Every structure is written in C-alpha cells, then in structure tokens.
Engineer: 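Structure below; questions to follow.
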2 protein chains.
Amino acid sequence: MSDQNYDVLKLENQLCFPLYACSRQIIRKYHKYLDELNLTYTQYIAMLVFWEVRKINVKELGKRLYLDSGTLTPLLKSLEEKGYVRRYRSKEDERVLLVEITDSGDALREQAVTIPEKMNGCMNLTPEEAVTLYQLLYKALS
Amino acid sequence: MSDQNYDVLKLENQLCFPLYACSRQIIRKYHKYLDELNLTYTQYIAMLVFWEVRKINVKELGKRLYLDSGTLTPLLKSLEEKGYVRRYRSKEDERVLLVEITDSGDALREQAVTIPEKMNGCMNLTPEEAVTLYQLLYKALS
DNA sequence: TATAATTAAATTGTACTCAATCGAATTGAG
DNA sequence: CTCAATTCGATTGAGTACAATTTAATTATA
C-alpha cells in the first residue's frame, strides 16, 4: 500500500478548510465593530433575532442559530447581565425559558444598523459573487 | 429616526451567518469520523499539513492554517502527547519551535485517507457547485 | 559593542462550541 | 390515574479561538 495516493488529504483539496478559515476571518472583522456595542459575534447574531422577533424561547433560538443550550445558556445570561434581554420561565410550561428584548437592547439597534454597511466590501467579492456564495451556503446547510 | 429601515439587520440578509453555520455544521460531521482517529477537527487539519511537509515551525503552520500560537501551542502539545508529532527548538534559532511528524503520526495517514470519501456528498452540493463554492471562499480569503 | 527593536512561542483571560449528562416538568399509554 | 418516555434548559468537561501580554532569543543601529 505504499503507492497509496494521498492527494485527497492535501489541505488544498479540502472544501471544509476555506469554509472554516473564511468563517473565522469574517467573525474577526466583525469584532472590531462589535466591541463598540460590547457584543461578541455570537451575541450579535442572537441580537439580530431579538430585534426581529422581540421574544423567543431557547429551543427556537437554537434552531434559528444552529446552536444548543450549552452555548446559549451562558450567552443569554451574559446578554441579560448587559441589560439587553430579560429571561423568565413560561407560565404555561415551566420547562420553557422565554427571552425577551429590553428597551436597552432595542436602543442598541440604532448603533448596530451601521455595521452591515461597514462590513460591505470587506470580503473581496463582487455583489454577484456574494449572492452566489450565499445561495450555495444555504443549499449546503439544508 | 423611528422610520429607520432595519432590513440590513435581518439574520437572513447576512452573508456571515450561513458561512459561520455551515462551517460549524461540516466540522460537526467530521467529528464522527475523526473520533476513530482520536483527533479533533483542528488537530486533523494540522495533521493534513504534517502529512504533506513532515516538519514545520509554529509560525509557518499558523500561516497555513490562519491560526496563532494561542491556539497552536496547546494543540501541538496534545498531538505530541498522542505521539503523532515531536516538538523541539531549532538549533539555529532557539526562538523557533520545530514540529515533526512521528512514525505513529505517519501511520495515521492510512486510516485518514478514507475520510474525504466518507465526507463526500455530506453537503448536498453537486461537484460543480462544490468547485464554485471552493473558488469563492478562496477568493474571499485572499 | 551596548542597547533598542524585532521576532517567535508561550501564557493569560474571556468566550464560545458541542457532546454527554442531569434534573425538573410535561405528556402519553395502559 | 400512574409510571415510563419525552422534552427543555442547565451543567460539565475538553478543546478551541483570539487579543493582549510576557519571556527569551536574535538582529540592527548608534
């Protein structure tokens, strides 16, 4: 077996690697702007959901973000400490934890709205390429 | 400003999010196969480099993987404990830590070579789409 | 040639990420 | 009703990520 072809194991032949590296690269670029809002990237995408839906439980939030309670529980406690959300058990089902945005969390939206524009063009892709990338990623996620 | 348009902050309008979610999804799928080799995903991509170049210093490895010493130092210590690499200071420049694959690390390649095939098709993309995705990601990385 | 600047890793501290497990609440089959 | 199964979130532990700092070694310059 010493004539085995190992080309499939070359780093440059992996699709996973640029995906992983690119994901980390863009998150790193976000941090610069998110620091001003006292948010990490993961907290930011959680806030994106809260700005849209106002209130959601942990399970549903996890489905949207593809994250589980091991990640979300400490993250939501942190957002609560910052005053951006409040957490309370559902009266109908005590197992369910509801998380609702506060006025302070809502106010943050005004600052955050400039971020997407600032991030534009940070990726060296044409708008068409960005759309193609977006579509392929969502296809892969399905 | 209450008529501000917040559409740019919708989760579905972010390019970063599917990138981030997709990256984590594919890494999660790798774990199933990497567990058999006693490797994590990050350790696996480091081994991909070692299988190609045999020996490399931390700085150069970091450049290839877009990772810094904060991540690599504990990772390489772990690979050393497993017996897959050995670490030693360069004689020419004591600041440089050289990391070299061992026979045991080399033997692992035989098992790893089946992984790319097993991962094929796990992504719901045609081969052409995968190529397009690959090219866009590397363009974005540059 | 001292010493200032630079470089390479290691360390530190914060924050994920996720598999596995746990405990409490709820639901469902008999 | 009742107990087994399920569900929800929290917890735990291992392993990243990464910014910032530190330490040791090397190089450059006055």
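Just so it is clear: chains get the letters A, B, ... in the order the sequence lines come, proteins before strands, and each one is counted from 1. Side chains are part of it too, since the values below use all heavy atoms of this structure and drop only hydrogens, waters and symmetry mates. Only a predicted model underlies this, so the values are computations on that prediction, with no experimental measurement involved.
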Engineer: Do side-chain atoms of A/R89 reach the backbone of A/R95 as a donor and acceptor pair under 3.5 angstrom?
Structural biologist: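 It does hold such a pair.
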Engineer: Test A/I56 against every option in A/L61, A/L98, A/V85 by the side chain to side chain contact (heavy atoms under 4.5 Å, CB included) rule and name the one that passes.
Structural biologist: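 By the side chain to side chain contact (heavy atoms under 4.5 Å, CB included) criterion, A/I56 pairs with just one of A/L61, A/L98, A/V85: A/L61.
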Engineer: For B/L75, answer base if it contacts any base atom (sugar-phosphate contacts may also be present), sugar-phosphate if it contacts only those atoms, and nothing otherwise; contact means non-hydrogen atoms under 4.0 Å.
Structural biologist: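 Sugar-phosphate contact only.
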Engineer: Check every strand shown and say whether B/I27 touches a base, only sugar-phosphate, or nothing at a heavy-atom separation below 4.0 Å.
Structural biologist: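 The residue B/I27 makes no contact with any strand.
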Engineer: Measuring from the side chain of A/K59 (C-beta onward, heavy atoms only), which nucleotide among D/dC18, D/dT16, D/dC8 has the closest atom?
Structural biologist: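 Looking only at side-chain atoms, A/K59 lies closest to D/dC8.
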Engineer: Given atom CG of A/L34 and atom C1' of C/dA15, what is their separation to the nearest angstrom?
Structural biologist: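 Rounded to the whole Å, the gap is 14 Å.
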Engineer: Is it true that B/Y84 and B/Q43 share a donor-acceptor pair across their side chains at a distance under 3.5 Å?
Structural biologist: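 On atom types as modelled, these side chains do not qualify, holding no pair under 3.5 Å.
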Engineer: Side-chain N or O of A/T71 less than 4.0 angstrom from OP1 or OP2 on C/dT17?
Structural biologist: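 No.
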Engineer: Answer yes or no for A/R109 and B/Y6: cation-pi contact, defined as NZ/CZ to six-membered ring centre under 6.0 Å and angle to ring axis within 45°.
Structural biologist: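 Yes, A/R109 lies over the aromatic ring of B/Y6.
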Engineer: Would you name the heavy atoms of A/Y66 and B/R24 that are closest together and state the gap between them?
Structural biologist: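 Minimum heavy-atom separation between A/Y66 and B/R24: O-NH1, 3.0 Å.
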Engineer: So if I take every side-chain heavy atom of A/R24 and compare against D/dA17, D/dA19, C/dC16, which nucleotide ends up nearest?
Structural biologist: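 Nearest listed nucleotide: D/dA17.
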Engineer: What nucleic acid atoms does B/T42 come within less than 4.0 Å of, heavy atoms only: base, sugar-phosphate, or nothing?
Structural biologist: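 Sugar-phosphate, backbone atoms only, no base.
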Engineer: Round to the nearest Å and state the distance from B/L76 atom CG to D/dT16 atom C1'.
Structural biologist: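 Interatomic distance, CG of B/L76 to C1' of D/dT16: 13 Å.
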Engineer: Please give, in whole Å, the distance from C/dT12 C1' to B/K77 NZ?
Structural biologist: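 B/K77 atom NZ is separated from C/dT12 atom C1' by 12 Å.
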Engineer: Using atom names, set out every protein N or O paired with an N or O of nucleotides 20-29 of chain D below 3.5 Å, distance rounded to 0.1 Å.
Structural biologist:
unit_1: D/dT26; atom_1: OP1; unit_2: B/E94; atom_2: N; d: 3.1

Engineer: Counting side-chain heavy atoms from C-beta on, which of D/dT16, D/dC8, D/dA10 comes nearest to A/L97?
Structural biologist: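 Of the options given, the side chain of A/L97 lies nearest D/dA10.
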Engineer: Roughly how many Å is it from CG in A/L79 to P in C/dA15, rounded to a whole number?
Structural biologist: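 Rounded to whole Å, this separation is 11 Å.
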Engineer: Any base atoms under 4.0 Å from A/T40, or only sugar-phosphate, or nothing? Heavy atoms, all strands.
Structural biologist: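 Since only primed, P, OP1 and OP2 atoms lie under 4.0 Å of A/T40, the category is sugar-phosphate.
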Engineer: If I take atom CG in residue B/L67 and atom C1' in nucleotide D/dA19, what distance separates them, rounded to the nearest angstrom?
Structural biologist: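 One finds 14 Å between C1' of D/dA19 and CG of B/L67, rounded.
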Engineer: For the residue pair B/Y30 and B/Y44, categorise the inter-ring angle as parallel (less than 30°), tilted (30 to 60°) or perpendicular (more than 60°).
Structural biologist: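 Rings of B/Y30 and B/Y44: tilted, 30 to 60°.
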Engineer: Of all the choices, D/dG9, D/dT16, C/dA8, which nucleotide is nearest to the side chain of B/V96 once you look at every atom?
Structural biologist: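 From the listed options, C/dA8 comes nearest.
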Engineer: Over how many whole Å does the gap from B/E81 atom CD to D/dA14 atom C1' extend?
Structural biologist: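 Result: 12 Å.
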Engineer: Using atom CD of B/Q43 as one end and atom C1' of D/dA14 as the other, report the distance to the nearest whole Å.
Structural biologist: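 Value for this atom pair: 10 Å.
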Engineer: Measure from OH on B/Y20 to P on C/dC16 and round the result to the nearest Å.
Structural biologist: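 Roughly 8 Å, once rounded to whole Å.
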